[in-house]
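Taking it in order: structure first as structure tokens, then the write-up.
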Amino acid sequence: MQHSEVLEGRADDEPTSCDVVIVGAGFAGMYMLHLARRLGLSAVVLEAAYGVGGTWFWNRYPGARCDVESMQYSYSFCEELQQEWHWTERYASQPEILAYANYVAKKFDLLRDIKFNTRVTKAAFQEEDCRWLVSTEAGMRYRAKWCVMATGCLSAAQTPDIRGLDTFKGRIYHTGNWPHEPVSLSDQNVGVIGTGSSGIQVIPELAAQAKHLYVFQRTSNFSIPARNKPMDPEYENSWKTNYAERRKRARSMPAGILCELGDTSALAVSPEQRLNEYERRWAAGGTSFTAAYSDLLRNAEANRTAAEFVREKIRTVVKRPDVADLLAPVDHPIGAKRICADTKYFETFNRENVTLVDIRSNPIHEISPDGITAGSNFHKLDSLVLATGFDAMTGALSKIDIVGREGLTLREKWRDGPNTFLGLMSSGFPNLFIVTGPGSPSVLTNVIVAIEDNVEWIADCIAHLLDVHADYIEATASAEETWMEQVRQAAEGTLYTQAKSWYLGVNIPGKPAVFMPYVGGVPAYQRICEEVAASGYKGFSIGTPTKGLHRREALLA
Ligand SMILES: Cc1cc2nc3c(=O)[nH]c(=O)nc-3n(C[C@H](O)[C@H](O)[C@H](O)COP(=O)(O)OP(=O)(O)OC[C@H]3O[C@@H](n4cnc5c(N)ncnc54)[C@H](O)[C@@H]3O)c2cc1C
């Protein structure tokens with residue numbers, strides 16, 4: 001295959017040209033670069049950070065850890081890689097995953113085509129030559145036929161708009177943008193806002209360091225003990241001798257995670273059987289707790305049995321009944337929000353140096369230079385940790401000024417909620433691919449599986465376009481509309497919509513409440529994607545710029 005080269009612009013105002021511009025050097029961007037090269041294409045990755053790893057580059061807070069088992073949370077595309085890498089724990093810690101990302105970058109010689117410290121601010125489609133012109137904060141420009149947004153579903157950290165936050169005179173840390181130098185909080189009064197996945201991981205670690213920890217909780221969340229432990233060599237070996245077959249089986253599971261999937265209704269068994277099953281899964285640890293029965297995310301009554309079991313566990317672990325009541329979630333079905341896996345989270349609230357502050361009944365009134373006033377109580381603080389999550393799925397994209405055909409911006413098009421075909425492309429934006437975009441299973445899965453599937457689909461699609469000498473591919477408005485309806489209906493049949501979650505975007509003020517991920521599961525989604533490709537990309541228009549493009553009015557309708 002003939003290989004193209006990246007052509008650096010000669011004059012200051014001339015953009016660097018290549019076949020593919022990829023934004024983001026997390027697991028998605030790294031794999032996209034690898035496959036683009038395999039197609040013989042020239043590609044450049046633009047990355048805001050100074051290193052690879054994405055999520056695992058930014059989220060360096062103490063306790064940051066994967067909640068998919070490490071034997072599964074890794075690339076499957078290279079047998080040699082999965083054989084030679086050794087994970088040291090059942091669930092990998094952030095430093096180990098970051099080390100893995102760096103190892104992959106080195107092994108596949110990726111670094112030479114990644115521009116670090118390079119934040120993309122604009123990407124504009126030029127209709128005259130069907131090219132994307134991508135601009136960076138520092139004023140660099142790149143011109144490419146294809147643009148792949150590998151910007152991540154959980155990469156735009158969300159800072160809450162609380163009166164007086166900027167007046168706080170101590171240090172403020174965000175879990176999603178944790179400092180790279182060591183942070184010492186010993187002998188300090190520390191406040192932490194947020195009790196989602198990151199909060200649940202960081203709180204036990206902060207409690208072990210701080211003089212006193214104040215946990216400001218608006219919504220309690222379900223969490224299952226992770227029961228993390230050093231890697232069992234036999235277990236590792238059983239995976240490594242059967243990797244191909246196990247990866248295949250994992251991809252046949254709804255979340256792309258190989259686990260024990262209950263196939264009966266929780267209501268079809270006796271209360272004793274159910275209790276035994278929940279006890280067994282609780283003792284085993286991990287988020288596959290909610291896979292115990294087939295209807296836990298579909299039937300409210302079935303769900304209540306699991307939710308009540310976990311609430312009872314919380315009441316058993318937490319000594320003070322008033323604190324246990326606050327920690328036991330009652331306002332959403334278990335699993336309807338991202339379920340967490342923890343290490344001694346609930347136990348942490350038995351410590352003398354930890355206070356749970358219920359900001360649902362005592363809202364944060366303001367932050368002042370010395371602390372937080374919640375209700376009528378003032379809490380004096382030296383440092384503040386924001387575990388307040390992300391503008392999920394659309395946040396990183398909406399921070400870039402993405403301009404498609406006829407001046408249409410993605411922000412404008414998605415003002416009432418994102419719409420895509422298969423999460424991969426949005427009509428009006430030819431040759432712009434999104435990895436794990438809204439409308440794909442993404443955050444409901446082992447995200448590396450979702451990434452690999454999407455990236456391989458994109459690479460195959462580009463190979464097809466090269467074969468047929470096409471200048472562009474674009475999702476049709478009608479395929480997109482039909483797909484978004486399918487995404488909506490899939491969610492409607494579940495309990496997911498009964499929680500005020502970041503899946504729905506309700507953690508972001510003003511963001512339209514639209515359930516963004518596709519709930520239909522990895523196998524169904526993958527089958528649809530493959531069928532679309534096999535049909536010659538039904539639902540997409542493919543051709544030359546002069547043919548078949550729909551008008552701006554139609555795109556906004
Ligand atoms: C704390 C935490 C824990 C998680 N745990 C799990 C887990 O247990 N299991 C699981 O499956 N998933 C988990 N995830 C999801 C995780 O995001 C994915 O698994 C995966 O790492 C995503 O890879 P990515 O390459 O798609 O995106 P990311 O890793 O988010 O990478 C995106 C990259 O794009 C860059 N970028 C964004 N915008 C721009 C721009 N404008 N210009 C230049 N660069 C830009 C970012 O800097 C970032 O490096 C977790 C996420 C978080 C935040």
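Indexing begins at 1, ligand by ligand and atom by atom, following the structure's order. Sequential numbering from 1 along the given sequence is applied to the chain's residues.
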Look only at interatomic distance and state if [X] has a nitrogen or oxygen under 3.5 Å from any nitrogen or oxygen of ligand 1.
X    : answer
D67  : yes
Y73  : yes
V120 : yes
A48  : yes
A28  : yes
N59  : no
T55  : yes

Nearest candidate to atom 6 (C) of ligand 1, where distance is taken over non-hydrogen atoms, out of R65, K399, R338
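The nearest heavy atom belongs to R338.
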Ligand 1 contact on I451 by region, counting heavy-atom pairs under 4.0 Å:
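It is the side chain that touches ligand 1; the backbone stays farther off.
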At what distance is the nearest protein heavy atom to atom 3 (C) of ligand 1, and which residue and atom is it?
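It is W56 CH2, 3.7 Å.
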What do you reckon, does Y91 put a non-hydrogen atom under 4.0 Å from ligand 1?
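Under 4.0 Å: no for Y91.
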Test R247 against every option in E79, Q72, Q82 by the side-chain hydrogen bond (donor to acceptor under 3.5 Å, both in side chains) rule and name the one that passes.
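Result: among E79, Q72, Q82, Q82 is the only option passing the side-chain hydrogen bond (donor to acceptor under 3.5 Å, both in side chains) with R247.
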How about H174 and Y61: are their ring centroids closer than 6.0 Å?
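No; Y61 has its ring centre 6.0 Å or more from that of H174.
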